[in-house]
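Working notes for the structure below.
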Amino acid sequence: MIGIFEKLALPFLRALDPEDAHGMAIRLLKYAPLPPAARDDGRLGMRAFGLNFPNPVGMAAGFDKNAEVPDALLRAGFGFVEVGTITPLPQPGNPRPRLFRLNADGGVINRLGFNSQGADAALARLAARADAGGIVGINVGANKDSPDRVADYVTLIERFAAVASYVTVNISSPNTPGLRNLQQASVLDDLLARVVDARDRVTRNSGPTPVLLKIAPDLALGDLDDVVGIARRRRVDGMIVGNTTVARPPGLRDSKTAAEAGGLSGRPLLALADRMLAETFVRVEGVFPIVGAGGIDSGEAALGKIRAGASLIQVYSGLVFRGLGLVAEIKQALLHALDRDRQDSIKEFIGADAAAATAEPWPS
Ligand SMILES: Cc1cc2nc3c(=O)[nH]c(=O)nc-3n(C[C@H](O)[C@H](O)[C@H](O)COP(=O)(O)O)c2cc1C
């Protein structure tokens, strides 16, 4: 059924301006929900951060920024959905055009800049579906003009703990000037101290709310040493590796669009994102799970992400080119790999290639 829906919808959506197509996709999911995906094979289950995921394939942040369609996405077969980025106050983001497809490369560039309806709107929607079940995390960010960005993260954790399965602290968007400076050791230590303190305080009323840290794939390895060291010391529950890249790998075919400012995602990001994931995995030493995102557009890329160190994976840009059928394709490929290797859990694959990957030449 998803196949028929997509065959009709995808060419239509791809003919539109990218941001109009995105708005249309949200409306389609809201008003013409898809039939439910088949029940997941038990071997795809994954326990991480104290949560039981029915399968490891998540919707990455940025698609459902305002928490409008998490349940339609769960129905379509995702094992979890990350809504957001939400900022405390509504803000418009950058002027359009701010979203670009690199069709020849399977890539996307965005400089949306945290366009957000703000915390109140998302909170009302998540509260209304709080008993619906399924794993829905929220990705939080600071307002562009905030006088105290760290306080923005703390407030959002306090406000969303009761209605979100987990909270992602996003300090890695390239489109809010200065945001990624929060990844610098001295600033990050203070941020995570206050964020973890907020998490521990809200636990008393709302139960455990895991807090994940989402980082950029553009960190230098020395900085990654610091970030992982601080994340471990401050006891975050996990990390997401990672966000879009400000780099432009050589050989992009859509060279005119590639010159647009913003974060690049999709297939051209895969090699860098996998390498940063492997580098993170060897530094984390199993202390917490890692969510792998960046460039997954096939079952093979999904398995590669898990073998590079991901306990869970997230997709976004791949869906733009492949449609929602990609989710079923990934699950099928993971089951096939389990059969082939006579394993009964995808846990067996996590990080299997990480050490070897870190010895390779840096991907260009
Ligand atoms: C249009 C667009 C908007 C995004 N918005 C956000 C966002 O608001 N917050 C965030 O943490 N990541 C955001 N991302 C990054 C994705 O969550 C993901 O980390 C990145 O795109 C890499 O995955 P992909 O190659 O599968 O797209 C966005 C990505 C795209 C393409």
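In listed order, ligands and their atoms are each counted from 1. Please read these numbers as outputs of a predicted model, since none were measured by experiment.
Comment: Glu360 does not engage Arg275 in a salt bridge, judged by the lack of any side-chain N to carboxylate O separation of less than 4.0 angstrom. Looking at Arg201 and Asp197, a side-chain N of the basic residue comes within less than 4.0 Å of a carboxylate O on the acidic one, giving a salt bridge. Electrostatic pairing of Asp297 and Arg322 does not count as a salt bridge here, judged by no charged N lying under 4.0 Å from a carboxylate O.
The number of heavy atoms from other shown groups lying within 6.0 Å of CZ (Arg235) does not exceed 12.
Using the six-membered ring where Trp is involved, Tyr166 and Phe49 have ring planes that are tilted, between 30° and 60° apart. Note: Tyr316 and His22 have tilted aromatic rings, judged against thresholds of 30 and 60 degrees for the angle between ring planes.
Looking at Asn243 against ligand 1, both its backbone and its side chain come within 4.0 Å, counting heavy atoms. For Thr168, no heavy-atom contact with ligand 1 is shorter than 4.0 Å. Contacts between Ile240 and ligand 1, counted as non-hydrogen atom pairs separated by less than 4.0 Å, are absent for every part of the residue. At a heavy-atom distance under 4.0 Å, only side-chain atoms of Lys214, from C-beta outward, approach ligand 1. With a 4.0 Å cut-off on non-hydrogen atoms, His22 does not touch ligand 1 at all.
Looking at Asn139 next to ligand 1, an N or O pair under 3.5 Å apart turns up. Considering both main-chain and side-chain atoms, Val315 never comes within under 3.5 Å of ligand 1 through any nitrogen or oxygen pair. Annotation: Leu269 places no N or O atom under 3.5 Å from an N or O atom of ligand 1; distance criterion only. Residue Tyr316 has at least one N or O atom closer than 3.5 Å to an N or O atom of ligand 1. The N/O atoms of Gly242, backbone and side chain alike, include one that comes under 3.5 Å of an N/O atom in ligand 1. Close N/O approach between Ala293 and ligand 1 is not found [any backbone or side-chain N/O within under 3.5 Å].
A donor-acceptor contact closer than 3.5 angstrom links the side chains of Asn170 and Ser172.
Closest to atom 7 (C) of ligand 1 among all protein heavy atoms lies Thr85 OG1, 3.4 Å.
Within the 4.5 Å cutoff, no side-chain heavy atoms of Leu338 are placed close to those of Glu348.
Near Asn170, with a cut-off below 4.0 Å to any heavy atom, the atoms of ligand 1 are 9 (N), 10 (C), 11 (O).
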